[in-house]
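Read the structure below first, then the notes.
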Amino acid sequence: MRAVRIRVRRMSELPAGEMAKAYEPQTVERRWYEYWTQQGVFRASVAASDSRPPYVVAMPPPNVTGSLHMGHALMGTLEDVLVRHKRMQGYNALWQPGMDHAGIATQTVVERQLKREGLTRQDLGREKFEERIWSWKEQSGGRILEQLKTLGCSADWERLKFTMDPDMSRAVREAFVRLHEQGLIYRDTRLINWDWDSQTALSDLEVESEEAMGELYEFAYEVINPVAGGPTELVVATTRPETMLGDTAVAVHPDDPRYTSLHGKKLKHPFVAREIPVITDSILVDMAFGTGAVKVTPAHDFNDFATGKRHGLPEINVLTLDGKINEQGGNFAGLLVKDARKAVKKALAEKGLERGVKPHKLQLPKSQRSGVVVEPMISTQWFMNTKPLADKALAAVASGETVILPEEWRKTYDHWLNNIQDWCISRQLWWGHRIPAWHCQKCSHISVSRNDLTKCEKCGSESIQQDPDVLDTWFSSALWPFSTLGWPEQTPALQRFYPSTDMETGYDILFFWVARMMMFGVHFMGKAPFKRVLLHGLVVDETGDKMSKVKGNTIDPLDLIHGSDFQTVVSKALPGAPFEEAFTKFKKAYPSVAQFGEGFPEYGTDALRFTLCSYSPQAKRIALSPKRIEGYRHFCNKVYNAVRFALPSIEKLQVTGQTPPATLLANRWILSRFAEAVEASTRGIDAFRLDDGSSALYHFFWDELCDWFLELSKPVFQGTDEAAKSETALVLAHVIESSLRALHPYIPFVTEELWQRVPRAPGHPASVALAEYPTATAGRPDAEAEAKMGLLMRVIGAARSIRSEYTVHPGRAVPLELRSNNADTRALLAAEQVAIVT
RNA sequence: GGGCGGAUAGCUCAGUGGUAGAGCGCUAGCCUUACAAGCCAGUGGUCGUCGGUUCGACCCCGACUCCGCCCACCA
């Protein structure tokens with residue numbers, strides 16, 4: 001390893017004005033964040049006198065109990081770049097921050113804590129349990145926000161909202177009541193997805209199917225009074241033998257010749273006293289699959305449920321809420337589903353009814369949160385009729401009122417909304433917005449109300465109870481773009497900042513959140529909640545695998561920012577595992593880690609941010625590479641050192657903020673290049689191509705400004721031509737100061753640190769964050785200068801190549817002879833001799 | 001079963017109808033008074049396969065192979 005450790009003094013140890021040799025993020029970052037906060041840099045204005053156009057981004061509220069992960073870092077960085085850029089362009093920028101109570105996720109975490117204490121939520125009771133979650137919220141809720149501040153996020157923290165704040169809860173209740181009045185929220189008893197671990201209903205979205213190897217198990221039902229010479233048994237194929245306890249029919253295809261003689265016959269259930277009919281159904285049955293006979297369990301399968309409705313079959317629930325066989329299951333009662341499966345198979349075999357087993361690939365529906373296999377169960381829940389809202393949400397995108405970027409997501413959005421099912425919005429949890437419905441014990445009327453009720457709306461009885469259920473956590477999230485602004489009140493903030501400009505978030509919550517905000521926004525506000533939807537990908541490890549605690553490949557962004565030894569890094573990636581094991585896994589996920597020593601160095605926030613910006617947002621996967629961060633840390637250091645170098649030449653200058661006049665080739669050229677770079681940056685940010693924007697500035701600053709312009713300026717400053725010196729100094733000062741402004745949205749800390757030291761125009765704001773973002777006119781497109789400079793650069797490059805080929809020592813001067821048939825070229829080369837010689 | 005994306009340098013990825021780019025890596029030379037976290041010169045790619053359109057295709061079209069993701073009730 002060639003890296004050399006350099007001992008540098010901390011900046012704080014240096015006399016005022018003197019700068020350390022290398023950029024040290026740690027000392028700089030905290031100081032400037034505090035300064036920005038003090039100066040109110042991030043504050044959006046609702047003052048009537050403020051005529052700036054609004055630019056609004058609502059931050060996806062992180063889970064209140066969560067801690068910062070790479071996904072947050074990506075979100076925070078991208079949004080901060082957008083917001084800072086627009087703020088500098090003179091917009092009244094509001095980045096609305098918040099936190100989400102994250103119903104099921106948070107409740108699960110706290111229940112796990114209780115479990116370690118040997119308690120359940122039932123032991124505590126509802127009230128105590130809620131208190132417990134609130135205190136956990138207080139304890140951990142602030143942490144993630146502090147972490148976002150470390151990232152430099154310029155949100156308007158004074159407007160911070162929590163989804164269970166009283167005003168947010170009021171908005172939730174208002175929305176619920178209105179939708180209920182409009183007949184769009186209703187109660188129904190039907191088959192829903194049941195998480196028997198969390199013991200709650202789930203929406204379709206919260207169920208993830210996972211491929212698994214199972215088996216297709218065949219067993220026989222005995223035919224009662226078979227036709228003479230006809231079959232005496234009917235063999236069915238199933239992946240879930242235990243559900244046969246709830247079978248109320250067996251279906252065959254009406255056209256299947258094998259089973260014609262069984263139409264209308266009854267079968268004997270081997271374990272419970274029930275006769276079940278053979279029915280014919282061409283929708284459910286595929287003659288070619290399995291045995292062509294399907295057992296029908298209406299209470300535990302979506303297809304069978306529909307079949308049951310078609311044929312008027314009884315629905316026999318055989319499961320308890322905690323996932324065991326109930327009393328309907330006879331001798332099997334009390335067994336967990338997986339145990340019941342074994343037991344039923346064994347019992348069938350003992351009765352001689354087993355007919356075969358084949359391996360079979362199947363999709364297991366699992367709870368997104370608890371991970372257990374979800375059971376379809378018949379249950380009474382609150383639902384929302386989403387179709388009418390979905391149509392409006394589709395129309396908003398179709399009309400261009402809202403644009404989705406990258407565009408490829410549009411189809412996905414359309415497809416989901418076009419096929420949307422009613423949304424099961426009630427959860428049997430204790431943490432969340434309680435459903436504002438009161439059940440009358442006397443007349444069983446259900447009163448839905450904005451205010452807490454003490455008596456039944458219908459019969460006046462005081463014997464009423466509020467519905468124990470809470471709402472799906474995404475219900476409150478769907479209101480976010482306007483609830484945070486004060487809705488249902490017509491507040492000045494709501495009037496000014498609705499709709500938002502951009503909704504930036506991960507594509508993984510396109511349905512959960514974005515589509516639902518679209519539905520609610522159009523429905524309640526009459527306007528789509530944002531002009532653009534910007535979707536970024538998933539941060540994955542270096543090899544492309546999703547980050548997860550199971551794989552041990554997560555990285556705490558703060559460990560990259562502040563530096564951390566691998567002991568620490570790995571103990572977070574794979575908690576509880578021995579170091580060697582965890583570190584091995586970690587190195588597998590990040591091959592480049594092999595090139596590191598004992599840990600990650602202190603990269604600084606800016607380096608991490610610039611790295612995150614450098615990935616194309618259209619990539620679905622963002623493979624984070626520590627090596628890449630290192631590269632961009634070098635860039636931050638480059639910026640720092642360029643200013644350190646330039647400072648002595650420019651610090652005494654008076655600058656105007658206007659592009660200075662330039663006659664010399666290099667000066668004209670760098671202004672021209674700057675004009676283009678700055679334009680590319682703005683174009684990139686506006687098109688949500690931060691990779692293009694950041695890369696344009698990166699190459700401008702390093703390859704053109706540092707490697708050429710600064711090098712060419714050296715002989716000028718060391719020379720005797722005072723006019724040239726003065727012009728070059730002014731151009732240099734201008735380009736440096738403007739570059740810092742151009743780079744600020746991406747790397748806010750180092751740019752602020754440096755901007756405070758360089759000459760600035762009179763009347764400049766207190767922070768670079770409030771200074772104007774440069775436009776192309778801050779430079780000066782100059783095709784002639786670019787052409788001439790291009791030629792010069794090629795000549796110099798060629799000369800260097802020759803030297804290198806002949807291994808001429810860099811310190812040694814050699815004669816160079818240039819020939820050209822073109823008079824202009826000869827003139828140019830002669831004029832720029834100094835540059836070539838150097 | 002439907003839909004979407006990807007396949008480009010050793011690795012991770014940009015990209016354009018007209019001699020292929022970046023970062024990291026690798027090789028060689030430089031401690032040049034901003035930066036060795038640097039400078040400088042190099043190395044490195046039949047742009048997944050097969051067809052088609054075109055004067056010309058890595059790019060457009062079709063087919064295929066291999067990966068990945070999303071949606072969907074095949075027991």
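Every chain is numbered from 1 and lettered A, B, ... according to where its sequence line falls, protein lines coming before strand lines. Values in this document were obtained by computation on a predicted structure and should not be read as measured data.
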Is [X] near enough to [N] that one of its side-chain N or O atoms lies under 4.0 angstrom from OP1 or OP2?
{"X": "W708(A)", "N": "C40(B)", "value": "no"}
{"X": "K295(A)", "N": "C74(B)", "value": "no"}
{"X": "R800(A)", "N": "A41(B)", "value": "yes"}

Name the orientation class of the two ring planes belonging to W702(A) and F635(A) (parallel below 30°, tilted from 30 to 60°, perpendicular beyond 60°).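 Aromatic pair W702(A)/F635(A) classed parallel.
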Parallel under 30°, tilted from 30 to 60°, perpendicular over 60°: which one fits the rings of W409(A) and Y507(A)?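 Parallel, since the angle between the ring planes stays under 30°.
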Run the side chain to side chain contact (heavy atoms under 4.5 Å, CB included) test on T77(A) and L608(A) for me, step by step, so that the C-alpha distance in whole Å, both residues' side-chain angles and the decisive distance to 0.1 Å come before the verdict. CA-CA 9 Å; T77(A) 299; L608(A) 178 63; 5.9 Å; no
In whole Å, I'd like the distance from the [atom1] atom of [X] to the [atom2] atom of [N].
{"X": "I796(A)", "N": "A41(B)", "atom1": "CD1", "atom2": "P", "result": "10 Å"}
{"X": "F302(A)", "N": "A75(B)", "atom1": "CZ", "atom2": "P", "result": "14 Å"}
{"X": "Y221(A)", "N": "A75(B)", "atom1": "OH", "atom2": "P", "result": "17 Å"}
{"X": "E542(A)", "N": "C11(B)", "atom1": "CD", "atom2": "P", "result": "13 Å"}

Taking any heavy-atom pair under 4.0 Å as a contact, classify [X]: base, sugar-phosphate, or nothing.
{"X": "V236(A)", "result": "nothing"}
{"X": "R633(A)", "result": "base"}
{"X": "A619(A)", "result": "sugar-phosphate"}
{"X": "N419(A)", "result": "nothing"}
{"X": "L538(A)", "result": "nothing"}
{"X": "G214(A)", "result": "nothing"}
{"X": "H360(A)", "result": "sugar-phosphate"}
{"X": "L284(A)", "result": "base"}
{"X": "S625(A)", "result": "nothing"}

Which is more 5' along RNA chain B, the nucleotide nearest E630(A) or the one nearest C706(A)? Just name the residue.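 Nearest-nucleotide comparison on RNA chain B picks E630(A).
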For A623(A) and R689(A), take the nucleotide of RNA chain B holding the closest heavy atom to each; which residue's nucleotide lies nearer the 5' end?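 Looking at RNA chain B, the more 5' nearest nucleotide goes with A623(A).
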Dot-bracket, 5' to 3', for RNA chain B please: Watson-Crick or G-U pairs under 3.5 Å, [ ] where pairs cross earlier ones, | where the partner sits on another strand, dots elsewhere. (((((((..((((....[..)))).((.((.......)).)).....(((((..]....))))))))))))....
Could you tell me which residues satisfy salt bridge (Lys or Arg N to Asp or Glu O under 4.0 Å) with K714(A), sequence neighbours excluded, listed by chain and number?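 Salt bridge (Lys or Arg N to Asp or Glu O under 4.0 Å) check on K714(A) returns E711(A).
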List the residues meeting salt bridge (Lys or Arg N to Asp or Glu O under 4.0 Å) with K366(A), not counting sequence neighbours, and say none if there are none.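 Partners of K366(A) under the salt bridge (Lys or Arg N to Asp or Glu O under 4.0 Å) test: E210(A).
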Measuring only the [atom1] atom in each nucleotide, how far is [N] from [M]? A whole number of Å is fine.
{"N": "G23(B)", "M": "A14(B)", "atom1": "C1'", "result": "10 Å"}
{"N": "U19(B)", "M": "C47(B)", "atom1": "C1'", "result": "15 Å"}
{"N": "C70(B)", "M": "C13(B)", "atom1": "C1'", "result": "23 Å"}
{"N": "G15(B)", "M": "G21(B)", "atom1": "C1'", "result": "7 Å"}
{"N": "G1(B)", "M": "A9(B)", "atom1": "C1'", "result": "39 Å"}
{"N": "A28(B)", "M": "G44(B)", "atom1": "C1'", "result": "15 Å"}
{"N": "U53(B)", "M": "G62(B)", "atom1": "P", "result": "15 Å"}
{"N": "G45(B)", "M": "G29(B)", "atom1": "C1'", "result": "26 Å"}

Can we say R355(A) and E218(A) salt-bridge, meaning some charged N sits less than 4.0 Å from an Asp/Glu carboxylate O?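 The answer is no: the pair does not qualify as a salt bridge.
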N-O pairing of D692(A) and R683(A) below 4.0 Å: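 Looking at D692(A) and R683(A), the cut-off is not met.
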With F289(A), which residues qualify under ring pair (Phe, Tyr, Trp, His ring centres under 6.0 Å), at least two apart?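 Applying ring pair (Phe, Tyr, Trp, His ring centres under 6.0 Å) to F289(A) gives H360(A).
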Name all residues meeting the ring pair (Phe, Tyr, Trp, His ring centres under 6.0 Å) criterion together with Y259(A); count only those two or more places apart in sequence or in a different chain, and write none if there are none.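 Y259(A) satisfies ring pair (Phe, Tyr, Trp, His ring centres under 6.0 Å) with no residue once adjacent residues are dropped.
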Name of the residue among Y603(A), Y698(A), F701(A), Y615(A) meeting ring pair (Phe, Tyr, Trp, His ring centres under 6.0 Å) with Y632(A):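 Passing option: Y698(A).
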Minimum heavy-atom separation for G246(A) and P298(A), please, with both atom names.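 Looking at all heavy atoms of both residues, the closest pair is O-CD, 4.1 Å.
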Proximal nucleotide (of [options]) relative to the [X] side chain:
{"X": "R621(A)", "options": "G68(B), C35(B), A75(B)", "value": "G68(B)"}
{"X": "A642(A)", "options": "C69(B), A37(B), A34(B)", "value": "A34(B)"}
{"X": "T238(A)", "options": "A72(B), A75(B), C39(B)", "value": "A75(B)"}
{"X": "H699(A)", "options": "C35(B), A22(B), A75(B)", "value": "A22(B)"}
{"X": "K627(A)", "options": "C35(B), G25(B), G23(B)", "value": "G25(B)"}
{"X": "K21(A)", "options": "A36(B), C70(B), U12(B)", "value": "A36(B)"}
{"X": "F511(A)", "options": "A34(B), C71(B), A75(B)", "value": "C71(B)"}

Distance check, rounded to the nearest 0.5 Å: L417(A) atom CG versus F511(A) atom CZ?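 Atom-to-atom, L417(A):CG and F511(A):CZ are 8.0 Å apart.
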Counting distance alone, no hydrogens or angles: does the base of A37(B) have a donor or acceptor under 3.5 Å from a partner atom on the side chain of E24(A)?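 Check fails, no donor-acceptor contact within cut-off.
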Review item, nucleotides 2-6 of chain B N/O atoms under 3.5 Å of protein N/O:
unit_1: C4(B); atom_1: OP1; unit_2: K411(A); atom_2: NZ; d: 3.0

